[in-house]
Amino acid sequence: MCISCCSNWQKICDICINSKQKRMVSVKTLGQFIIEKQADFPFSKGELSRLLRDIGIASKIVNREVNKAGIADILGGAGEINIQGENVQKLDVFANEQFIAALSAGGECCAIASEENEDIIHIKNEMSRNARYVVAIDPLDGSSNIDVNVSIGTIFSIYRRKSQNGPGTNEDFYQRGTEQVAAGYVIYGSSCMLVYTTGKGVNGFTLDPSIGEFCLSHPNLQTPKMAKTYSINEGNYMRFPDGVKKYIKYCQEEDSSTDRPYSSRYIGSGVADIHRNLITGGIYMYPTTSKSPKGKLRLLYEANPLAFIIEQAGGKATDGFNRIMELDMKELHQRTPLFIGSADMVDMAGEYMKKHSAVEKIAKA
Ligand code: P6P
């Protein structure tokens with residue numbers, strides 16, 4: 001209530017109330033949006049919508065705990081007993097359990113592949129055994145940043161199962177990224193945002209803690225074709241392929257006609273770096289290194305969902321040579337190099353990779 005209402009509470013109050021009602025009317029929650037967009041999937045009986053709802057619920061619970069992490073000393077650090085006498089879990093274990101619980105209770109997926117679990121998790125209850133979808137998830141990416149209060153994220157990917165019924169199988173997850181029916185991430189940062197696509201554009205929702213709802217804040221996100229930010233752990237420079245080294249030098253050269261040098265921005269939390277680049281433009285690269293000869297990021301629950309989102313926003317995602325979403329899935333925790341972001345920047349990095357990998361191959365031969 002504004003101060004002026006108190007002085008003349010009847011008349012001004014109506015204005016104040018009307019403006020609040022207008023604000024509420026303009027707010028569209030994730031739930032309302034999902035129902036509205038359900039018409040895009042005439043054959044869907046709402047299962048996909050319920051899956052997204054379940055993920056939204058778990059995200060709110062994880063966000064609440066992530067926000068408290070800073071006072072872990074009071075609550076007790078992971079592995080200790082807190083003041084309530086409860087065993088304090090590591091946040092990535094907690095997050096994993098929350099997403100598994102929400103997806104199991106929702107009954108819309110028959111199996112989950114998680115970064116936290118070596119094997120797939122079969123959802124045992126009767127309702128889920130014959131569910132049509134499987135979910136791949138990185139419950140808390142960048143969790144090493146929790147203790148230093150840096151943004152972290154959850155990444156998820158949804159496929160239709162390939163097996164007919166009964167418990168899900170590994171083969172249900174051995175699908176190319178092009179087969180995803182939905183993908184998204186949650187970023188637990190200065191605000192909590194959920195960004196997702198079902199193949200009809202990318203939309204971002206910001207959690208309003210005062211009403212406990214994700215509200216549409218970034219409709220139809222599109223990423224700039226070209227920008228001036230590159231994200232890579234340059235500490236690995238000596239271990240990079242020559243094409244990456246040459247592209248980094250290109251980014252650093254002085255040339256006002258192409259807005260160079262670019263800015264280097266690397267948070268060490270992929271969801272945070274890729275989210276910033278999605279909105280402002282830029283390229284994120286995690287190439288092969290001598291320490292990670294196949295790359296570090298996982299294809300199933302990191303590269304593919306992020307690639308689906310960035311492509312839907314007009315960007316590109318490759319392994320330096322090939323489109324991420326066309327790579328064959330052969331192992332649950334398969335790693336891949338990742339070049340993702342503004343289309344023209346990914347293309348240029350790819351040209352450097354192509355040009356110098358040929359030279360490298362000849363040198364090694
Ligand atoms: P490095 C987090 O562990 C992650 O998978 C990405 O989110 C992040 O961009 C990258 O690894 C950081 O790895 O080797 O640079 O510390």
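FYI, side chains are in, hydrogens and waters are out, and symmetry mates aren't considered; it's all heavy atoms of this structure. Just so you know, ligand 1 is whichever comes first in the structure, and atom 1 is the first atom listed for that ligand. Keep in mind that this is a model prediction, so the values were computed, not measured.
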> Does NZ or CZ of Arg260 fall inside the cone over Tyr250's six-membered ring, less than 6.0 Å from its centre and within 45° of the axis?
Replying inline: yes
Using a cut-off of 6.0 Å, state whether more than 12 heavy atoms not belonging to [X] lie near its atom [atom1].
X      : atom1 : answer
Lys245 : NZ    : yes
Lys294 : NZ    : no
Asn149 : CG    : no

> Given the rule that I, L, V, M, F, W and Y join up when any side-chain heavy atoms are under 4.5 Å apart, are Leu91 and Ile57 in one cluster?
Replying inline: yes
>> Ring-plane angle category for Tyr196 and Phe205, please: parallel below 30°, perpendicular beyond 60°, tilted otherwise.
In response: parallel
>> At less than 4.0 angstrom from any atom of ligand 1, which residues have a non-hydrogen atom? List them by chain and residue number.
In response: Asp141, Gly142, Asn233, Tyr266, Gly268, Ser269, Gly270, Tyr284, Tyr286, Lys296, Glu302
